[in-house]
Amino acid sequence: MKKTSISKRPKPKRDTMRTQHLFVYSKAKPNRFASQMSAGAIAVVLEPDVAAVFTSSEAVNTLLRSVIAALPEVDQTQAR
């Protein structure tokens with residue numbers, strides 16, 4: 001007589017997201033990239049298609065400066 005295997009019931013899938021995430025401050029590390037940021041700098045997220053065109057932040061800044069230089073100057077007294 002063959003032994004029949006008992007099929008295991010599949011476990012119900014649990015939601016993979018936790019309801020609460022605990023931050024362990026004793027394991028926290030300082031930001032190693034903070035020293036590379038100059039004072040007053042801001043971070044901007046580029047879309048992937050735009051980021052593919054630029055190889056560095058200097059390239060982005062160069063292009064933006066040329067666009068700013070090409071903009072017509074606005075007289076501050078008339079802008080109000």
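Since the structure is predicted, the reported quantities are computational estimates derived from the model, not experimental observations.
- When the side chains of ILVMFWY residues are joined at heavy-atom separations under 4.5 Å, either directly or via intervening members, V50 and L64 end up in a single hydrophobic cluster.
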Under the criterion side chain to side chain contact (heavy atoms under 4.5 Å, CB included), I'd like the reasoning laid out for V44 against V60: C-alpha separation, chi angles, the key distance, then a yes or no.
CA-CA 11 Å; V44 177; V60 175; over 6 Å; no
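- Judged as a side chain to side chain contact (heavy atoms under 4.5 Å, CB included), and not counting sequence neighbours, V53 has no contacts.
- Contacts classified as side-chain hydrogen bond (donor to acceptor under 3.5 Å, both in side chains) and involving residues 39-55 (residues at least two apart or in different chains) are not found.
- Judged as a side chain to side chain contact (heavy atoms under 4.5 Å, CB included), and not counting sequence neighbours, A43 has no contacts.
- Residues satisfying the side-chain hydrogen bond (donor to acceptor under 3.5 Å, both in side chains) test with S35, not counting sequence neighbours, are none.
- Residues satisfying the ring pair (Phe, Tyr, Trp, His ring centres under 6.0 Å) criterion with F33, sequence neighbours excluded, are absent altogether.
- Partners of Q36 under the side-chain hydrogen bond (donor to acceptor under 3.5 Å, both in side chains) rule, at least two apart in sequence or in another chain, do not exist in this structure.
- Hydrophobic side-chain contacts under 4.5 Å tie Y25 into a cluster, directly or through other members, with F23.
- Residue pairs meeting the side-chain hydrogen bond (donor to acceptor under 3.5 Å, both in side chains) criterion with at least one partner in residues 56-68, sequence neighbours excluded, are S56-E58.
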